[in-house]
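What follows is one structure encoded as structure tokens, with my remarks underneath.
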Protein chains: 2
Amino acid sequence: MNQISEFAPRTTLHEELVGRLRDMIFSGELKGGDRVPEQKLCDMLGISRTPLREALKVLGNEGLLELLPNRGARVATLSEADIDEIFPVMGALEALSGELACARLTDAEFAEIRALHYQMALHHTRRELADYFRVNQHIHECILKAAANPTLEVQYNALAGRIRLARFRANMTDKRWDQAMREHEEMLAALEARDGKKLSEVLSRHLENKRETVKQAIREGTGEAHGPAVAYD
Amino acid sequence: MNQISEFAPRTTLHEELVGRLRDMIFSGELKGGDRVPEQKLCDMLGISRTPLREALKVLGNEGLLELLPNRGARVATLSEADIDEIFPVMGALEALSGELACARLTDAEFAEIRALHYQMALHHTRRELADYFRVNQHIHECILKAAANPTLEVQYNALAGRIRLARFRANMTDKRWDQAMREHEEMLAALEARDGKKLSEVLSRHLENKRETVKQAIREGTGEAHGPAVAYD
DNA sequence: TGCTATAAGATTGTATGCAAAAATCAACAA
DNA sequence: TTGTTGATTTTTGCATACAATCTTATAGCA
């Protein structure tokens with residue numbers, strides 16, 4: 001029996017490992033730049049190298065790991081240049097998700113997003129940053145879900161995962177936070193009006209500001225050890 | 001020595017296999033729906049199952065193969081619903097590539113694209129479909145390259161690869177072909193003017209028409225055996 | 001001291017073996 | 001004929017073994 005899950009779900013080991021390693025990266029257990037020694041991980045997880053290596057190849061293909069032939073895997077790191085490269089693509093995808101979401105959004109889905117929005121607004125007024133991030137991320141997930149396009153979801157999440165490699169606790173200025181909140185007000189309005197063009201425009205702008213926040217976090221945090229990755233907004 | 005390449009390039013076997021299998025899928029050597037028997041492929045390629053399986057996992061993650069636990073891999077097939085799901089995402093990415101390309105395009109790059117454009121126009125007037133497709137694809141590659149965003153390139157090509165699973169020889173009507181050619185005229189004009197908004201709009205529209213062509217090809221070609229995948233335009 | 005060269009050790013890449021699951025097929029009954 | 005059961009074969013999933021490559025530590029030399 002492997003030590004990963006007590007009640008083995010209907011999945012293969014390598015597949016489970018992909019998820020497990022992803023979590024280890026996002027949680028900070030494996031930090032950017034760390035080498036990923038196969039044998040050590042195998043001992044730790046109680047498995048053999050074969051399924052682990054299959055998982056490493058997949059994560060390498062996703063851009064979360066850097067695979068150096070004959071020299072093992074490293075957790076990928078993110079430069080400011082990488083951010084500038086990834087964010088425009090995410091922006092295009094998120095804009096699309098806004099358009100599709102507006103076209104398909106049910107009243108029930110909108111109601112849920114609105115509820116989350118006000119919950120988030122409350123966290124904003126109370127200056128509860130962590131809670132704000134959590135709900136914020138949930139809202140974006142809801143919009144993406146509402147777009148009802150699994151391919152879009154996969155592609156977007158792949159990029160969002162790479163961004164999460166920049167695991168520096170977000171430190172939004174009050175000014176930027178207020179701005180983000182205003183943008184979310186616009187989003188809600190656009191969603192209610194089912195105005196896809198408007199929503200995609202707001203989302204693009206929103207992401208543009210987010211990019212600066214992330215870049216600044218990278219600049220300030222370079223070299224330091226940190227906790228789990230957080231959402232930026 | 002493995003039988004894949006005479007002069008082993010500086011790469012690992014599994015990586016080479018990813019490319020090799022991709023080619024086999026695109027060339028039609030492995031057709032959509034085919035099972036991919038590990039042992040048989042290993043014998044054929046003169047390798048063992050371990051690196052092959054690593055490659056299969058990667059291609060599964062890319063969506064070119066469908067991995068069924070304990071039941072092996074199948075070459076993925078493409079339904080019309082899949083097309084409708086993938087094309088909007090490609091559209092968003094191609095629109096972005098147009099905007100970025102306009103922002104960065106050098107005069108030399110534009111000159112090359114213009115040359116290709118006129119070459120393609122010649123193939124169009126002569127009704128040389130295959131040549132038209134080839135040059136057409138080259139033009140789109142040039143625009144993508146000009147965008148100078150590797151992440152965008154990777155994501156776009158991943159989707160383009162999945163579309164190529166619909167390996168039916170394109171059968172454009174003359175009407176649609178003429179329309180595509182007019183769209184390319186608009187593209188060239190937008191590129192020359194470095195009008196990113198305009199180019200991204202034309203590219204989106206262009207892709208929308210392409211979607212219909214591909215869907216029609218799927219409808220007409222279902223079940224038949226075909227040659228290598230072709231570009232659609 | 002600082003550099004190169006070389007050899008030992010560690011790590012990765014690939015092949016093989018074995019157990020478990022699925023697919024196939026044959027016998028049989030309805 | 002059709003459908004069901006069970007044994008046999010095939011195929012996959014994982015573990016292990018061996019080979020190739022890289023890393024490092026050390027010795028020799030200028």
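Here is the naming used below: chain letters follow the sequence lines, and residue numbers restart at 1 for every chain.
Between the axis at the start and the axis at the end of the helix from dT1(C)-dA30(D) to dA30(C)-dT1(D) there is an angle of 20°, using five pairs per end and rounding to 10 degrees.
The stretch residues 68-81 of chain A participates, sequence neighbours left out, in these salt bridge (Lys or Arg N to Asp or Glu O under 4.0 Å) pairs: Glu80(A)-Arg219(A). Sorted by first and then second residue, the pairs that involve residues 56-70 of chain A and meet salt bridge (Lys or Arg N to Asp or Glu O under 4.0 Å), not counting sequence neighbours, are Arg22(A)-Glu62(A). Listed by first and then second residue, the salt bridge (Lys or Arg N to Asp or Glu O under 4.0 Å) pairs that reach into residues 143-155 of chain A are Lys145(A)-Glu153(A), sequence neighbours excluded.
For the pair Glu212(B) and Asn209(B), the minimum side-chain heavy-atom distance is 4.5 Å or more.
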Validation: residues 84-103 of chain B side-chain donor-acceptor distances under 3.5 Å, sequence neighbours left out:
from	atom 1	to	atom 2	distance (Å)
Asp84(B)	OD1	Arg211(B)	NH1	2.7
Asp84(B)	OD1	Lys215(B)	NZ	3.0
Asp84(B)	OD2	Lys215(B)	NZ	2.9
Glu85(B)	OE2	Thr151(A)	N	2.9
Glu85(B)	OE2	Thr151(A)	OG1	2.6
Glu94(B)	OE1	Tyr156(B)	OH	2.8
Glu94(B)	OE2	His140(B)	ND1	2.8
Ser97(B)	OG	Glu94(B)	O	2.7

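Scanning for side chain to side chain contact (heavy atoms under 4.5 Å, CB included) contacts around Asp34(A) gives Lys31(A), Val75(A), with sequence neighbours left out. Judged as a side chain to side chain contact (heavy atoms under 4.5 Å, CB included), and not counting sequence neighbours, the contacts of Glu38(B) are Arg49(B), Leu52(B), Arg53(B), Leu56(B). The side chain to side chain contact (heavy atoms under 4.5 Å, CB included) check on Thr77(B) picks up nothing, with sequence neighbours excluded.
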If you restrict it to nitrogen or oxygen atoms, what contacts under 3.5 Å exist between nucleotides 9-14 of chain D and the protein, and what is each distance?
from	atom 1	to	atom 2	distance (Å)
dT12(D)	OP2	Glu38(B)	N	3.3
dG13(D)	OP1	Asn70(B)	N	3.0
dG13(D)	OP2	Arg53(B)	NH1	2.5
dG13(D)	OP2	Arg53(B)	NH2	3.3
dG13(D)	N7	Arg49(B)	NH2	2.9
dG13(D)	O6	Arg49(B)	NH1	3.1
dC14(D)	OP1	Leu13(A)	N	2.7

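Here the P atom of nucleotide dT12(C) and the CG atom of Leu56(A) are 9 Å apart, to the nearest Å.
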